[in-house]
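Both backbone and side-chain heavy atoms feed into the values below; hydrogens, waters and symmetry mates do not. Because the structure is a prediction, the values reported are computed rather than measured.
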Amino acid sequence: MSIDFESLKDKAVVIAQSGVTKAKELTDTGIAKARELADTGAAKAKELSEIGKLKVQNSTEQEAIRKAYSELGKLYYAERGSAPEAAYTDLCQRITDALARISYNNERIADIKAAGQIDDEEVDAEGEAEAEEPCCCQPEEPCCCEPQEPAAEDDKPQE
């Protein structure tokens, strides 16, 4: 039996070149897929970043609305609280009653301090310092003077 080494060598070269070609094709395909995935990931990250920025802007706008509503209510009460329109009578009365209770409590605080010769530092040490500005909210309602959790996307401003 005679072995044709030249023929075997030619076949080996063809097989090796075929393997290299196949490996190159697979590498090129893999690189293309990796680029495609990277581009898709980058686009998705950009979209998510934009959504995050818009949500922060919405939260800022919600806070601006809340402050405007508060200022609007304070202005209305200051101008019309003593003779409000019918729709606002109950709310204005609740504010008037709360302010009266705060005034009474402040008078009692002053009397107790005077009788017991207590100064403000002692009261502050006990954690019962007087509020600088009275709150207009009722106990069963959320306080409009304190920061609220950001509203959900579906929440719309009150009209």
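Residue pairs meeting the ring-ring contact (aromatic ring centres under 6.0 Å, His included) criterion with at least one partner in residues 106-125, sequence neighbours excluded, are absent. Residue pairs satisfying the ring-ring contact (aromatic ring centres under 6.0 Å, His included) criterion with at least one member in residues 45-64, sequence neighbours excluded, are absent.
Residues meeting the side-chain hydrogen bond (donor to acceptor under 3.5 Å, both in side chains) test with Glu61, sequence neighbours left out: none. Contacts of Thr60 classified as side-chain hydrogen bond (donor to acceptor under 3.5 Å, both in side chains), with partners at least two apart in sequence or in another chain: none.
Taking CG of Leu48 as the reference point, atom CD of Glu50 lies at 11.0 Å (rounded to 0.5 Å). Interatomic distance, Ser49 OG to Leu54 CG, rounded to the nearest 0.5 Å: 9.5 Å. Here Ser7 contributes atom OG and Lys9 contributes atom NZ; the two are 12.0 Å apart, rounded to the nearest 0.5 Å.
The shortest heavy-atom contact between Ile112 and Ile118 is O-CD1, 4.4 Å.
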Listing, residues 17-42 side-chain donor-acceptor contacts under 3.5 Å, not counting sequence neighbours, or none:
unit_1, atom_1, unit_2, atom_2, d
Thr21, OG1, Gln17, O, 2.8
Thr27, OG1, Ala23, O, 2.8
Thr29, OG1, Glu25, O, 2.8
Thr40, OG1, Glu36, O, 2.8

Identify every side-chain donor-acceptor pair in residues 76-90 under 3.5 Å, counting partners at least two apart or on other chains, and give the distances.
unit_1, atom_1, unit_2, atom_2, d
Tyr76, OH, Glu85, N, 3.0
Tyr77, OH, Thr96, OG1, 2.6
Arg80, NH2, Ala83, O, 3.4
Thr89, OG1, Glu85, O, 3.2
Thr89, OG1, Ala86, O, 3.3

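Side-chain contact check for Asn58 and Gln62: no donor-acceptor pair (N or O, by modelled atom type) lies under 3.5 Å.
Classification of Glu71 and Lys74 as a salt-bridged pair fails, no side-chain N sitting under 4.0 Å from a carboxylate O.
Counting heavy atoms from C-beta on, the side chains of Lys55 and Ser59 never come closer than 4.5 Å.
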